[in-house]
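Structure, as structure tokens:
By convention in this document, chain letters (A, B, ...) are assigned in the order of the sequence lines, proteins followed by strands, and residues within each chain are numbered from 1.
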Number of protein chains: 2
Amino acid sequence: MAIHSHTKENYLKALYLMSLERENVSINELASRLNLKMPTVTSMMQKLAADKLIKYEKYRPIQLTEKGKKEAGLIIRKHRLTEMFLVQIMNFGWEEVHDIAEQIEHINSPEFFKKMDEMLGYPDKDPHGSPIPDRSGHIELTDHKSLCDYQVGKTVKISGLAQSHDEFLVFLNRKNIGLGTVMTIIGKEDYDGTMKIKLGKKELVLTQTVCEQLFAEPV
Amino acid sequence: MAIHSHTKENYLKALYLMSLERENVSINELASRLNLKMPTVTSMMQKLAADKLIKYEKYRPIQLTEKGKKEAGLIIRKHRLTEMFLVQIMNFGWEEVHDIAEQIEHINSPEFFKKMDEMLGYPDKDPHGSPIPDRSGHIELTDHKSLCDYQVGKTVKISGLAQSHDEFLVFLNRKNIGLGTVMTIIGKEDYDGTMKIKLGKKELVLTQTVCEQLFAEPV
DNA sequence: ATAAAAAATTAGATGCATCTAATAATATAT
DNA sequence: ATATATTATTAGATGCATCTAATTTTTTAT
Ligand SMILES: [Mn+2]
Ligand SMILES: [Mn+2]
Ligand SMILES: [Mn+2]
Ligand SMILES: [Mn+2]
């Protein structure tokens, strides 16, 4: 396992993550996600199919094989372990780690990631609340409930993010919202979905767009 | 700075390290060092010359420019900082870190290496006693005295290694010799250069080949 | 059902890093 | 000094990952 080019690994990872959202990944979507032109992607799909990493027939949507899912899972595992390591051990902020992990995920050294895993005490979530695949590449899919779905009066704990772009993370930092933050829903505006939240002693207003990106669990 | 391919970085590093030993690096030597054929190297030299990283004229030995030395120094810095991090922070043995550092040295993230440096307390030597270039890529060249050059009766401290191949490091582990190990020279065989050494309570015999690879300073 | 738009494929080119085979220059040994 | 061996360069090919332009297939809208 894991003797694929840096490039192929990035395709596999993108395919895996995209197929969690939109069942049926198209050449087009993959191309925009990876900032490549469609013919480039088509040509790579032919190679990945030859490697038995995807099931691919002309003009049909792309699907990872079990082998492909496993390989993808192992790369995502390295990415998320790395993010966790950067935050927990090296003291980076959760908004600083993605680009570094994007590179380190391609390091070929089981010992290196084994050691990270040990040092971190075998975590099962990354710093953004995303699940870390196990050593065989399998992801435990937890179904998340968005903050929006809770009613006024409920006290909940933030357990994950639907998206972790740096600007969103920085926004959350400013609002003092992080993984594990506990908050009470004190109001909800039906018209535009805005929520009023009590967080510690402070109250704040979150737009629907923000609430949709926050996963929460009752507490 | 540092927008060179992984490949070019490896050439630069090899050039730098080789030119510390044998003034005047040849295409041939570079080719064997990097496990490449000569035409491959010739062709890359033309590219590095175009980038002003080396001074190169057909059939003449190769020399790094100041720019080239700086870039090489920065890669070596990343390599050695990484080795130090792996040993000090992640608890790897000094014989396990080279191959991992060989990959991580290509990571493009000043913040990542800055953080390593901080966590390590700004070390100036790697786990094998080799100097870590400063942030501008400059190496402080310390001239080492080999263990061979000391006389019977002297007590010395191991301060570096002429070479750090894994098998040698494992050999030293077995003999309980590491960086900082203090030993007294209790005998020397002129015929074959073998040295008899007292290390703690134990005595051991080191062949000339081994002694030549050990750097030591008086203590 | 047909036309128009969007998506995907094929064909052909480019740049990078590598190779082998052929040739040329330099160094070495007689 | 000449022949031989070594080292280096050129020429030309290959594989990978990418591109643009042209073509084909599929989807959508009228
Ligand atoms: Mn990546
Ligand atoms: Mn993450
Ligand atoms: Mn390297
Ligand atoms: Mn070292």
Side-chain angles (χ1 to χ4, degrees), chain A residues 2-16 18-19 21-64 68 71-72 75 102-103 105-106 108, chain B residues 2-16 18-19 21-64 68 71-72 75 102-103 105-106 108:
Chain A
I3 336 106
H4 302 107
S5 69
H6 185 120
T7 308
K8 279 184 185 172
E9 290 189 346
N10 284 337
Y11 278 92
L12 287 175
K13 192 162 58 107
L15 273 169
Y16 194 121
M18 290 171 79
S19 59
E21 321 248 308
R22 43 199 118 220
E23 193 53 56
N24 271 3
V25 177
S26 72
I27 297 279
N28 204 307
E29 288 160 336
L30 195 45
S32 4
R33 165 90 164 218
L34 296 172
N35 283 301
L36 297 168
K37 304 298 176 181
M38 285 199 306
T40 305
V41 173
T42 299
S43 133
M44 183 57 83
M45 290 309 101
Q46 292 161 350
K47 292 175 201 163
L48 292 181
D51 296 346
K52 309 273 189 213
L53 293 163
I54 61 171
K55 226 174 104 251
Y56 168 68
E57 284 167 294
K58 273 193 192 187
Y59 299 105
R60 301 256 77 84
I62 303 144
Q63 280 183 285
L64 285 166
E71 300 289 348
I75 301 155
E102 203 58 47
Q103 298 179 65
E105 70 192 1
H106 304 291
N108 176 12
Chain B
I3 339 109
H4 303 106
S5 69
H6 185 122
T7 308
K8 277 183 185 171
E9 290 189 346
N10 284 337
Y11 277 91
L12 286 175
K13 192 163 57 109
L15 273 169
Y16 194 120
M18 290 171 80
S19 59
E21 320 249 308
R22 45 199 114 221
E23 194 53 56
N24 271 2
V25 177
S26 71
I27 298 278
N28 204 309
E29 287 160 337
L30 237 195
S32 3
R33 167 88 164 221
L34 297 172
N35 284 302
L36 297 168
K37 305 298 177 180
M38 286 201 303
T40 306
V41 173
T42 300
S43 133
M44 183 57 83
M45 291 308 102
Q46 292 160 350
K47 292 174 201 164
L48 293 180
D51 296 345
K52 308 275 189 209
L53 293 163
I54 61 170
K55 227 176 104 245
Y56 168 69
E57 285 168 293
K58 270 192 192 187
Y59 300 105
R60 300 258 78 85
I62 303 143
Q63 280 183 286
L64 285 165
E71 301 289 349
I75 301 155
E102 203 58 47
Q103 298 179 66
E105 70 192 1
H106 304 291
N108 178 11

Between residues 35-44 of chain B and DNA chain D, which residues have a heavy-atom gap below 4.0 Å? B:Met38, B:Pro39, B:Thr42
Derivation and outcome, side-chain hydrogen bond (donor to acceptor under 3.5 Å, both in side chains), residues A:His106 and A:Glu9: CA-CA 8 Å; A:His106 304 291; A:Glu9 290 189 346; 2.7 Å; yes
Shortest non-hydrogen separation from A:Tyr11 to A:Leu34 and the atoms involved: CD2-CD1, 3.5 Å
How would you give the extent of chain A contacts on DNA chain C, as first and last nucleotide 5' to 3' within a 4.0 Å heavy-atom cut-off? C:dA7 to C:dT10
Test: salt bridge (Lys or Arg N to Asp or Glu O under 4.0 Å). Region: residues 22-41 of chain A. Which pairs qualify, not counting sequence neighbours? none
So, with a heavy-atom separation below 4.0 Å from DNA chain C, the residues of residues 46-55 of chain A are A:Gln46
Which of A:Ile62, A:Val25, A:Asn24 passes side chain to side chain contact (heavy atoms under 4.5 Å, CB included) with A:Met18? It is A:Val25
For B:Ser26 and B:Leu30: C-alpha separation, side-chain torsions, deciding distance, then whether side chain to side chain contact (heavy atoms under 4.5 Å, CB included) applies. CA-CA 6 Å; B:Ser26 71; B:Leu30 237 195; over 6 Å; no
Report all side-chain donor-acceptor pairs from residues 40-61 of chain A shorter than 3.5 Å, counting only partners two or more places apart or in another chain.
from: A:Thr42; atom 1: OG1; to: A:Met38; atom 2: O; distance (Å): 3.2
from: A:Asp51; atom 1: OD2; to: A:Lys8; atom 2: NZ; distance (Å): 2.8

Distance, nearest 0.5 Å, that separates CG of A:Leu15 from CD of A:Gln63: 10.5 Å
Value for CG (A:Leu36) from CG (A:Asn10), rounded to nearest 0.5 Å, stands at 9.5 Å
Protein and nucleotides 24-26 of chain D: nitrogen or oxygen contacts under 3.5 angstrom:
from: D:dT25; atom 1: O4'; to: A:Tyr59; atom 2: OH; distance (Å): 3.4

Please assess B:Lys13 against B:Glu102 for the test salt bridge (Lys or Arg N to Asp or Glu O under 4.0 Å), listing each intermediate value before the final yes or no. CA-CA 11 Å; B:Lys13 192 163 57 109; B:Glu102 203 58 47; 2.6 Å; yes
Return the angle between end axes of the helix from C:dA1-D:dT30 to C:dT30-D:dA1, with five pairs used per end and rounding to 10°. 0°
